[in-house]
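Working notes, beginning with the structure itself.
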Amino acid sequence: MALHTTDGESVDPFTDIFALPVSDEALPKYQMPEHRTSPHAVRALIRNELALDGNASQNLATFCTTWAEPEVHDLMDECLGKNMIDKDEYPQTAQIESRCVHILADLWNSPQGETTMGCSTTGSSEAAMLGGLALKWRWRQRRQAEGKPADKPNLVCGPVQVCWEKFARYFDVELRQVPLEKGATGLRPHQLREYVDENTIGVVAILGVTFTCDYEPVREITAELDLIQADTGLDIPVHVDAASGGFIAPFLDPGLVWDFRLPRVASINASGHKYGMAPLGVGWVIWRSAELLPQELIFKVNYLGGDMPTFALNFSRPGGEIVAQYYNLLRYGKQGYRAIYETAARTAQSLGQEVAAMGPFTLLYDGHGALPAVSWTLTDPAAAGFTLYDLTERLRMRGWQVPAYPLPPERQETVIQRVLIRHGISRDAIALLAKDIRTAVDHLTGGPTHAAAQPGFHH
Ligand SMILES: *Cc1c(COP(=O)(O)O)cnc(C)c1O
């Protein structure tokens with residue numbers, strides 16, 4: 001049989017993958033190959049290339065799911081062909097999406113959890129766009145009803161994730177970002193009064209600030225807006241970006257009032273693929289009650305059969321993530337989510353203690369009270385003898401991804417480091433990381449461990 005042809009059909013099936021013609025040259029990067037190749041060979045070669053990516057279980061920079069039970073893998077596989085937009089062909093997938101919406105509405109204490117509106121999205125970014133659009137439409141309706149101009153909408157927020165900057169730019173809304181005060185981990189309520197006015201479509205409060213991992217005080221933010229309303233008559237709704245906190249606070253801190261228990265909270269988004277533990281590609285946006293979602297934003301589509309309402313930026317999307325989200329909600333229940341995140345929080349807190357004890361660091365967030373995470377900065381950057389960027393690089397040599405980055409512009413001189421603990425990151429892995437941080441600091445400062453780190457040296 002022919003061995004040296006690029007036409008997969010005539011290759012000897014016993015040929016070793018790495019002796020195939022396709023393995024004898026670099027993979028095509030600019031043009032589609034003329035011929036077929038064996039699936040095993042292509043899979044092996046692509047896998048080899050993917051092995052150069054970082055190891056997801058050592059990526060402590062991401063909030064996103066990197067570990068799932070085998071049952072989730074099975075369900076994802078079975079759902080490969082399910083298009084969630086096609087609610088006529090896949091009515092049960094649509095049912096499951098709707099159940100997730102109502103379960104989350106209930107988890108976040110909607111007064112009308114069983115009837116309120118909401119939908120799945122590709123993530124919190126799309127969810128933020130939809131939440132922002134609803135705010136913009138409602139503000140415009142209000143302004144038009146009052147016979148007032150509605151051409152200069154603004155949105156007020158603290159140090160937000162980039163999705164809100166995108167929303168503002170893509171949908172022509174002025175983003176009024178309240179600067180981070182010194183020592184603050186997010187928006188402080190007393191700052192609001194200066195920024196809101198009659199053109200404010202809403203305030204975004206963040207449950208789990210991307211930079212620091214802390215929660216913004218949603219209850220106090222709404223209380224300040226109550227005072228502002230009493231003084232000025234401005235009735236400004238709040239959207240809570242609970243991308244990460246939406247799946248943490250209900251379990252770790254059920255007494256924290258941040259959700260639809262606050263009448264001013266109009267909508268909430270969360271990333272199912274972050275602490276919701278679903279595979280990548282699903283987020284949620286939920287309105288407090290159905291009338292808060294303007295009807296004009298809902299399209300009716302009939303070309304898939306039936307007459308389907310849709311509110312989304314995308315059309316076709318995979319159904320598997322939604323099914324996996326439902327699986328997680330049923331599989332773990334509140335008890336399971338609580339147990340997983342109590343463990344994650346203890347792991348984060350233990351790392352916080354270790355980092356605090358090392359000497360050069362000051363914790364910005366110690367893992368208590370908000371996300372299972374820790375963030376820190378150098379106490380005295382000038383005297384430390386190294387930067388957090390140096391430390392990031394040293395840790396990277398051991399495979400750890402621990403990002404260093406500056407705070408938002410007004411506090412850019414402060415560089416911080418952040419570690420997120422999520423499902424699948426064990427206490428042991430973090431103990432190993434702590435040891436690697438010590439070793440790296442000693443290396444960078446010429447400290448004790450460095451001198452003692454001879455092969456075979458034991459205490
Ligand atoms: C991650 C994150 C987002 C964006 O969410 P995606 O699901 O990645 O699109 C928005 N806001 C906050 C606070 C986040 O942490």
Side-chain angles (χ1 to χ4, degrees), residues 56 59-66 100 104 108 118-133 135 155-171 175 177-178 180 184-187 202-218 221 238-249 258-259 265 267-286 312-314 317-318 321-322 324-325 328 341 344 348 364-365 370-375 401 403 405 407-408 416 418-423:
N59 181 353
L60 304 174
T62 183
F63 288 99
C64 294
T65 304
T66 53
C100 289
L104 292 178
W108 299 333
C119 58
S120 70
T121 59
T122 39
S124 277
S125 300
E126 187 189 4
M129 306 292 151
L130 302 183
L133 282 170
L135 290 177
L155 181 71
V156 174
C157 59
V160 281
Q161 210 263 358
V162 67
C163 69
W164 292 102
E165 297 176 38
K166 289 185 181 175
F167 164 74
R169 194 169 308 166
Y170 297 168
F171 295 105
L175 193 66
Q177 271 189 289
V178 180
L180 197 55
T185 52
L187 177 66
V203 168
V204 176
I206 305 176
L207 204 73
V209 174
T210 310
F211 299 92
T212 58
C213 308
D214 208 357
Y215 295 159
E216 287 183 337
V218 186
I221 286 170
V238 169
H239 174 95
V240 182
D241 178 355
S244 49
F247 283 99
I248 296 287
W258 63 275
D259 53 18
V265 172
S267 45
I268 297 175
N269 71 271
S271 296
H273 58 214
K274 290 184 175 174
Y275 293 110
M277 295 190 282
L280 273 169
V282 65
W284 301 95
V285 57
I286 316 272
L313 300 183
N314 299 290
R317 265 201 295 127
E321 292 86 336
I322 294 163
Q325 179 75 80
N328 283 338
Y341 292 131
L364 273 179
Y365 170 62
L371 301 182
V374 212
S375 61
Q401 293 236 35
Y405 51 91
L407 284 179
I416 80 169
R418 181 188 79 177
V419 165
L420 303 174
I421 309 296
R422 57 183 192 279
H423 193 203

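By convention here, the first residue in the shown sequence is residue 1. We count ligands from 1, going down the list as the structure has it; atoms in each ligand are counted the same way.
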- [ ] Kindly assign one of parallel, tilted or perpendicular to the pair F167 and F171, based on the angle between their ring planes and the thresholds 30° and 60°.
- [x] tilted

- [ ] Using the six-membered ring wherever Trp is involved, compare the ring planes of F247 and W108 and label them parallel, tilted or perpendicular (cut-offs 30° and 60°).
- [x] perpendicular

Open item on the list: Show me the pairs that pass side-chain hydrogen bond (donor to acceptor under 3.5 Å, both in side chains) and involve residues 274-285, at least two apart or across chains.
Closed with: W284-Q325

Using a cut-off of under 3.5 Å, which N/O atoms of ligand 1 pair up with protein N/O atoms, and what distance separates each pair?
{"residue": "ligand 1", "atom": "7 (O)", "partner": "S124", "partner atom": "N", "Å": "2.8"}
{"residue": "ligand 1", "atom": "7 (O)", "partner": "S271", "partner atom": "OG", "Å": "2.8"}
{"residue": "ligand 1", "atom": "7 (O)", "partner": "H273", "partner atom": "NE2", "Å": "2.7"}
{"residue": "ligand 1", "atom": "9 (O)", "partner": "S124", "partner atom": "N", "Å": "3.3"}
{"residue": "ligand 1", "atom": "9 (O)", "partner": "S125", "partner atom": "N", "Å": "2.9"}
{"residue": "ligand 1", "atom": "9 (O)", "partner": "S125", "partner atom": "OG", "Å": "2.6"}
{"residue": "ligand 1", "atom": "11 (N)", "partner": "D241", "partner atom": "OD1", "Å": "3.3"}
{"residue": "ligand 1", "atom": "11 (N)", "partner": "D241", "partner atom": "OD2", "Å": "2.6"}
{"residue": "ligand 1", "atom": "15 (O)", "partner": "K274", "partner atom": "NZ", "Å": "2.8"}

Open item on the list: Quick one about D241 and Q161 (side-chain donor to acceptor, distance below 3.5 Å, no hydrogens or angles considered), yes or no?
Closed with: no

Open item on the list: Looking only at the side chains, is there a donor atom on one of R422 and T66 sitting less than 3.5 Å from an acceptor on the other?
Closed with: yes

Task: Rounded distance (nearest 0.5 Å) linking atom OG of S267 with atom CG of L130 - done: 10.0 Å

